[in-house]
Amino acid sequence: QVQLQESGAGLAKPSQTLSLTCTVSGDPINVGGYYWSWIRRCPGKGLEWIGYTYFTGSAYYNPSLRSRVAISIDTSKNQFSLSLSSVTAADTAIYYCARGSDILTGYPFDYWGQGALVTVSS
Amino acid sequence: QSVLTQPPSASGTPGQRVTISCSGSSANTGSNSVSWYQHFPGTAPKLLIYDNDQRPSGVPARFFGSRSGTSASLAISGLQSDDEADYLCAAWDDSLRGPVFGGGTRLTVL
């Protein structure tokens with residue numbers, strides 16, 4: 001059974017960098033056919049795709065966040081990470097990591113983490 | 001202000017059939033497959049339907065997905081109390097080159 005678990009600081013100060021890590025268990029992360037994603041839900045809003053990476057390290061980002069986001073992958077630790085810089089209160093959200101499938105039609109997310117709340121406040 | 005539009009709430013009594021809609025545009029639901037997720041707050045969302053109407057292994061046949069034009073629907077028949085959850089739709093968006101989501105529908109079993 002594949003499991004994803006987010007970890008990282010639950011509080012970030014404005015203008016600082018938010019960092020989260022997703023640890024994957026039950027399957028190796030260094031295989032093709034999947035893309036490793038970060039998604040968030042801000043209070044009162046719907047889900048927003050942040051970006052994703054492949055095991056090769058190639059990453060793609062939502063244009064609205066591209067200037068502030070970096071997603072990296074560490075196949076030796078079976079983890080991938082999110083870095084979001086220059087945060088403001090608008091970045092307060094529940095952050096989810098998820099595995100997207102290139103194998104299934106429509107590229108659905110077949111496994112998700114339970115989410116990590118990050119609050120941006122001084 | 002989600003890209004895909006879902007009703008915020010739906011309800012039904014045990015045994016009933018309920019339907020949840022998801023509406024988008026030609027850039028997403030009109031040209032790409034829709035997936036549906038069941039989410040109990042505080043837990044990991046679960047894939048219920050992919051490719052509009054396909055169920056992953058282990059998902060009961062009570063959950064049925066369909067798509068027509070730029071709209072998709074999730075039907076749940078034989079409603080049970082533990083179906084009470086949030087239901088989310090998603091689709092790949094060709095303009096964004098990434099996935100877009102609905103705002104979610106909170107299902108209440110009366």
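None of these values were measured; they are calculated from a predicted model. Chain identifiers are assigned alphabetically (A, B, ...) following the order of the sequence lines, protein sequences preceding nucleic acid strands; residue numbering begins at 1 within each chain.
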Which bit of A:Phe109 comes within less than 4.5 Å of chain B, counting heavy atoms only: side chain, backbone, both or neither?
-> both
Run through A:Leu84, A:Val87, A:Leu18 and flag the one making a side-chain contact (heavy atoms from CB on, under 4.5 Å) with A:Val118.
-> A:Leu18
Ring pair (Phe, Tyr, Trp, His ring centres under 6.0 Å) pairs touching residues 36-62 of chain B, sequence neighbours excluded, are A:Tyr96-B:His39, A:Trp112-B:Tyr37
Would B:Ile49 end up clustered with B:Leu107 when hydrophobic side chains under 4.5 Å apart are linked, directly or stepwise?
-> yes
Could you name the residues of residues 64-74 of chain B that have a heavy atom within less than 4.5 Å of a heavy atom in chain A?
-> none
Determine, using the 4.5 Å side-chain heavy-atom cutoff (strictly less than), whether A:Ile103 and A:Ile29 are members of one ILVMFWY cluster.
-> yes
Chain A contact via B:Pro56 - which portion, at a heavy-atom distance below 4.5 Å = neither
Any side-chain heavy-atom pair from B:Phe63 and B:Gln38 closer than 4.5 angstrom?
-> yes
Does any donor atom in the side chain of A:Thr21 or A:Gln79 lie under 3.5 Å from an acceptor atom in the other side chain?
-> no
Which region of A:Tyr35, side chain (C-beta onward) or backbone (N, CA, C, O), has a non-hydrogen atom less than 4.5 Å from a non-hydrogen atom of chain B, or is it both or neither?
-> side chain
Do you know which of B:Gly42, B:Pro45, B:Ser2 has the most heavy-atom pairs under 4.5 Å to chain A?
-> B:Pro45
Give the ring-plane orientation class for A:Tyr54 versus A:Tyr52, where under 30° counts as parallel, over 60° as perpendicular and anything between as tilted.
-> perpendicular
Per-residue contact mode, B:Leu4 against chain A (heavy atom under 4.5 angstrom) | neither
Close side-chain approach of B:Gln54 to A:Thr105, heavy-atom, < 4.5 Å | no
Contact class of A:Ile39 relative to chain B, heavy atoms under 4.5 angstrom | side chain
Return the orientation label for the A:Tyr107 and B:Trp92 ring planes: parallel under 30°, perpendicular over 60°, tilted otherwise.
-> perpendicular
In terms of heavy-atom pairs under 4.5 Å, which option from B:Ser33, B:Ser35, B:Ala90, B:Ala44 contacts chain A the most?
-> B:Ala44
Ring pair (Phe, Tyr, Trp, His ring centres under 6.0 Å) partner of A:Trp38, chosen from A:Trp49, A:Phe80, A:Tyr61 = A:Phe80
Residue, of B:Pro41, B:Ala91, B:Pro99, that accumulates the most heavy atom pairs under 4.5 Å with chain A = B:Pro99
